[in-house]
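One structure below.
The figures that follow rest on heavy atoms only: side chains count, while hydrogens, waters and symmetry mates do not.
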Amino acid sequence: MANITVQGRTFTQVQALIFDKDGTLENSKVYLEKLTVARLALLEQEISAANFGDRLAGAFGFDRSSAQLDPGGLMAVGSRRDNVIAAASYIAEQGYGWFQSLDIANQCFDQADRQIIANAHTCPMFPGVVDSLRFWRQQGGKIAILSAARQRSVERFIADHQLQSLVDVAKGSDQGLSKPDPALYLLTCRELGVKPEHTLMIGDAQGDITMAKGAHAQGAIAIHWPGYPKGNLRGADATIADLQQIHCQP
């Protein structure tokens, strides 16, 4: 166990750190913007209704004029399932049946995934991430990655950056539970073999904070890397600009 200080706040007897992936460990902003453009283009090829693409872009939280994502919007913080359901809802408005709408959305999303590839080059880690993870491991702490992305995306990230020896538990949100359901956090804690009150959550989205608070984690830390829009995540115990601001004392 270790005591951790973050922005003047001290957390005691911490056994595990649980990290979000996108926007926390992985700089996936440009990749997600390109993926959104690809999804919209493919969906517009299937559905030719007036203003369909613009309305769907708004639902995704994507500004077409600037080609940028809202950091709190659906594409930035939602799971693939969330995005599929949103797209299918707009498709269904055009008179398609619900299951057909889901099928169209999933097919377009799958094709976009083949066009826009996530890898260590397109989704680099933020500076100092490996050093921070390694330091925490040296203190005897456990590490989990808990992401709104799919399981295979989390596993791809770990493999791309050779983090297998540093990560104890890796979970996506396509296994029946998704953020901000605290049950997902509790499941992760069980797999780590720790109680929630001996963990800290570090993430860049409201879902991370809400989930951790609902699971009664000891703390929820918001992170906003330089160059990323800074928001006020409700309920966060502290806000940092990089992982080096998490100070550990054995």
The reported gap from OG1 in Thr210 to CG in Leu233 (rounded to nearest 0.5 angstrom) is 8.5 Å
Please list every donor-acceptor pair under 3.5 Å in which a side-chain atom of residues 110-127 meets a protein atom from a residue at least two apart or in another chain.
unit_1 : atom_1 : unit_2 : atom_2 : d
Asp110 : OD1    : Arg80  : NH2    : 2.7
Asp113 : OD2    : Arg80  : NH1    : 2.9
Asp113 : OD2    : Arg150 : NH2    : 2.8
Asn119 : OD1    : His121 : N      : 2.9
Asn119 : OD1    : Thr122 : N      : 2.8
Asn119 : OD1    : Thr122 : OG1    : 3.2
Thr122 : OG1    : Ile117 : O      : 2.9
Thr122 : OG1    : Asn119 : N      : 2.9
Thr122 : OG1    : Asn119 : O      : 3.4

Quiz: residues 41-53 side-chain donor-acceptor pairs under 3.5 angstrom, not counting sequence neighbours:
unit_1 : atom_1 : unit_2 : atom_2 : d
Glu44  : OE1    : Arg64  : NH2    : 2.8
Glu44  : OE2    : Arg64  : NH1    : 3.4
Glu44  : OE2    : Arg64  : NH2    : 3.4

Are Asp208 and Lys21 close enough for a salt bridge, meaning some N to O gap below 4.0 Å?
no
Identify, with sequence neighbours excluded, every residue that meets side-chain hydrogen bond (donor to acceptor under 3.5 Å, both in side chains) alongside Ser132.
Gln244
Side-chain ion pair, Lys213 and Asp237, N-O less than 4.0 Å
yes
Report yes or no: does His224 contribute a side-chain atom to a donor-acceptor pair with the main-chain N or O of Thr239 at less than 3.5 Å?
no
How long is the straight-line distance from CG of Leu40 back to CG of Leu56, given to the nearest 0.5 Å?
5.5 Å
Using a 3.5 Å distance criterion without hydrogens, assess whether the side chain of Arg137 forms a donor-acceptor pair with backbone atoms of Leu166.
yes
Under a 4.5 Å cut-off applied to non-hydrogen side-chain atoms, are Asn27 and Trp225 in contact?
no
Measuring from Leu74:CG to Ile85:CD1, what's the distance to the nearest 0.5 Å?
10.0 Å
Ser79 vs Asp82 side-chain heavy atoms within contact, under 4.5 Å
yes
Could you pull out the closest heavy-atom pair between Thr24 and Ile202, with the gap in Å?
CG2-O, 3.6 Å
Can you confirm whether the side chains of Thr12 and Asn3 place a donor and an acceptor under 3.5 Å from each other?
no
Under the rule for salt bridge (Lys or Arg N to Asp or Glu O under 4.0 Å), what residues qualify as partners of Arg81, not counting sequence neighbours?
none
Would you find a donor on one side and an acceptor on the other, under 3.5 Å apart, between the side chain of Gln162 and the backbone of Ile158?
no
The salt bridge (Lys or Arg N to Asp or Glu O under 4.0 Å) partners of Glu93 (sequence neighbours excluded) come to Arg55
Value for CD1 (Ile145) from CD (Glu155), rounded to nearest 0.5 Å, stands at 10.5 Å
Salt bridge check: are Glu26 and Arg156 linked by an N-O gap of less than 4.0 Å?
yes
With the side chain counted from C-beta on, respond yes when Gln100 and Ile104 share a heavy-atom pair under 4.5 Å apart, and no when they do not.
yes
Tell me, do Leu243 and Leu25 make a side-chain contact under 4.5 Å, heavy atoms counted?
yes
Looking at every heavy atom in both Leu186 and Pro196, which two are closest together, and how far apart are they?
CD2-CG, 3.5 Å
Could you check whether any side-chain N or O of Gln151 sits under 3.5 Å from a backbone N or O of Ala170, counting only pairs where one atom can act as donor and the other as acceptor?
yes
Backbone N or O of Ala149 within a donor-acceptor pair of the Ser153 side chain at under 3.5 Å?
no
What one should report as the nearest heavy-atom pair of Trp136 and Val14 is CH2-O, 3.7 Å
Flag yes if more than 12 heavy atoms outside Gln138 fall under 6.0 Å of its CD atom; otherwise flag no.
yes
Please report the closest heavy-atom contact between Gly219 and Phe11, naming both atoms and the distance.
CA-CE2, 3.7 Å
Is Val194 isolated, or which residues cluster with it under the ILVMFWY side-chain rule of less than 4.5 Å, directly or via members?
Ile18, Leu146, Val169, Leu177, Leu184, Tyr185, Leu187, Leu192, Met201, Met211
Under-4.0 Å salt bridge between Asp22 and Lys29:
no
For Ser173 versus Ala148, what's the shortest heavy-atom pair and its separation?
OG-CA, 3.3 Å
Search all heavy atoms of Pro71 against all heavy atoms of Val77 and return the closest pair with its distance.
O-CG1, 3.3 Å
